[in-house]
Amino acid sequence: MMDLDLRQVRSFMDVADLGSFSAAADKAGLTQPAISLHIRLLEKQLGVRLIERVGRRAQPTAAGRDFLIHARRIAEEVAHAIETVAPHRSGVTGRLRIGTGATACIYLLPPVLGKIRQAMPGIDIVVQTGNTHDILRLLEANTIDAAVVALPASGRSLDISDIHLDELVAVFPRGTGEKTLNAETLSRQPLLLYEGGNTRRLVDQWFAASGRTVQPAMELGSVEAIKKLAGAGLGLAIVPRMAMEHDDAASGLEWRSLDPPLERRIALALRRDKHMTAPLRALAAALPDVRKR
């Protein structure tokens, strides 16, 4: 496929429009020999004469006039392409694809994404939820731009930064909780726990550290469903504290720290070879703020 040099095409257009190699050189800020070289190289590539001299004036040949029509279209398309991508340089438009867990999507990301949207109203924000393993697989495949996931997380092509410490707490109908919420007392209760994922593994490890193995009454993938069932008196739940901190009294639930305390860490994962667009930089800058909440 023949590749045209846009500088040569521009020089040809300037000579054809201005009727002079020297005038074209002045317009482009080049020397006259440079303009002449552009024309010669373009003519050699196309295999036709594009410019001829008539008296003191340079003008396009018949082939040059035909080519000039297409050259103007090329110039217009290039200018349009530059205008189209210009907003992306400033981050005014673009796309930010984030993968995360359902709880972080509900409780952690909204103020962060709201801040980004306020600063960059033109960007398209897409959020996909799933467990850590599936989200990291999407990230490594470059299907998403960033992942906000519960640790542990790993990947040879990934940079993973710890951004948030979240306590796991016991949740129960108001006034019905045990005074001491350790593995022994909780193992005697019907439990409502996450179904799989890193958070569930942390809970199982917490019980195992005290020599306990539990069989939950129910396993669910939704923190909101777990809270509703706990509120209906169907069991004691263990959920992230972030899911309870803004719960109002009308929910009929209360929460309390476990003994010993149990915590999970939330991290931002990015591909090492990912170009840091303005929306990605804004996400990375905004996420550490959640540790202050």
Side-chain angles (χ1 to χ4, degrees), residues 1-98 116-126 138-147 156-159 269-285:
M1 182 180 292
M2 184 179 292
D3 295 321
L4 293 176
D5 188 314
L6 295 178
R7 295 171 303 171
Q8 296 171 9
V9 174
R10 170 55 64 187
S11 294
F12 163 69
M13 292 173 56
D14 288 343
V15 171
D17 291 340
L18 299 173
S20 166
F21 282 79
S22 59
D26 289 341
K27 178 181 178 182
L30 300 172
T31 64
Q32 184 172 330
I35 296 294
S36 298
L37 177 61
H38 284 174
I39 301 301
R40 287 200 305 273
L41 291 174
L42 185 59
E43 289 176 335
K44 182 178 180 180
Q45 184 177 17
L46 295 175
V48 295
R49 188 78 177 271
L50 296 175
I51 296 290
E52 61 183 358
R53 290 187 179 276
V54 179
R56 294 186 174 183
R57 185 171 180 82
Q59 64 182 35
T61 63
R65 288 192 294 273
D66 287 342
F67 182 68
L68 186 60
I69 296 171
H70 297 284
R72 295 195 194 285
R73 290 176 184 167
I74 291 170
E76 289 174 1
E77 286 299 320
V78 170
H80 180 65
I82 292 172
E83 290 174 0
T84 299
V85 301
H88 293 271
R89 293 198 299 269
S90 62
V92 175
T93 64
R95 182 174 58 173
L96 179 60
R97 302 168 302 174
I98 304 170
I116 295 173
R117 172 73 75 190
Q118 186 175 16
M120 304 174 181
I123 71 168
D124 182 23
I125 299 175
V126 179
L138 294 175
L139 182 62
E140 290 186 316
N142 205 34
T143 304
I144 57 176
D145 303 310
R156 279 188 283 181
S157 63
L158 305 179
D159 274 328
L270 300 170
R271 285 177 58 101
R272 290 195 181 99
D273 60 354
K274 187 72 174 179
H275 172 62
M276 289 297 289
T277 62
L280 265 182
R281 290 196 302 272
L283 176 66

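Note that the coordinates shown come from a computational prediction; the quantities given were computed from them, not determined experimentally.
In this structure, I35 CD1 and I51 CD1 are separated by 11.0 Å, a value rounded to the nearest 0.5 Å. In this structure, T61 OG1 and E52 CD are separated by 6.0 Å, a value rounded to the nearest 0.5 Å. In this structure, OG in S11 is found 8.5 Å from CZ in R7, a value given to the nearest 0.5 Å. D26 CG to Q32 CD: the interatomic distance, rounded to the nearest 0.5 Å, is 9.0 Å. With values rounded to the nearest 0.5 angstrom, I116 atom CD1 is found 12.0 Å from R281 atom CZ. Separating the CZ atom in F12 from the CG atom in L46 is a distance of 9.0 Å, to the nearest 0.5 Å.
When side chains are defined from C-beta on, I123 does not count as touching R95, because their heavy atoms never get closer than 4.5 Å. H38 has its side chain out of reach of V9: every pair of non-hydrogen atoms, C-beta onward, lies at least 4.5 Å apart. Between L280 and K274 there is a side-chain heavy-atom pair separated by less than 4.5 Å. Inter-residue side-chain proximity for V48 and E43 is flagged as unmet; no heavy-atom pair is nearer than 4.5 Å.
Side chain of R271 to main chain of E140: a donor-acceptor pair is present (N/O by atom type, distance under 3.5 Å, no hydrogens or angles). Side chain of R53 to backbone of A58: no donor-acceptor contact under 3.5 angstrom is found. Side chain of E77 to backbone of R72: no donor-acceptor contact under 3.5 angstrom is found. Formation of a donor-acceptor pair under 3.5 Å by the D145 side chain with backbone atoms of R97 is found in this model. No donor-acceptor pair under 3.5 Å is formed between the side chain of R40 and the backbone N or O of L42.
Summarising the geometry of D159 relative to R272, their closest heavy-atom pair is OD1-NE, 3.2 Å, with the distance given to 0.1 Å. Scanning all heavy atoms of the two residues, the minimum distance from L283 to A146 falls at CD2-CB, 3.7 Å. Taking every heavy atom of both residues into account, D14 and K27 meet most closely at OD1-NZ, 3.1 Å. What you find for A278 and M120 is that their closest heavy atoms are O-CE, 3.5 Å. Across all their heavy atoms, P60 and G64 have their closest contact at CB-C, 3.9 Å. In terms of heavy-atom proximity, M276 sits nearest to A284 at CE-CB, 4.5 Å.
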Quiz prompt | Candidate pair R10 and D5, rule salt bridge (charged side-chain N to carboxylate O under 4.0 Å, His left out), full reasoning | solution = CA-CA 9 Å; R10 170 55 64 187; D5 188 314; over 6 Å; no
Practice problem: With side-chain contact (heavy atoms from CB on, under 4.5 Å) as the test, would you mind laying out the steps for L270 and L158 before giving the verdict? | Solution: CA-CA 6 Å; L270 300 170; L158 305 179; over 6 Å; no
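By the 6.0 Å contact criterion, CZ on R56 is open, its count of non-hydrogen atoms from other residues, nucleotides or ligands being 12 or less.
The only member of L96, I98, L138, V126 that meets side chain to side chain contact (heavy atoms under 4.5 Å, CB included) when paired with I144 is L138.
Salt bridge absent: D124 and R117 never bring a charged side-chain N and a carboxylate O closer than 4.0 Å.
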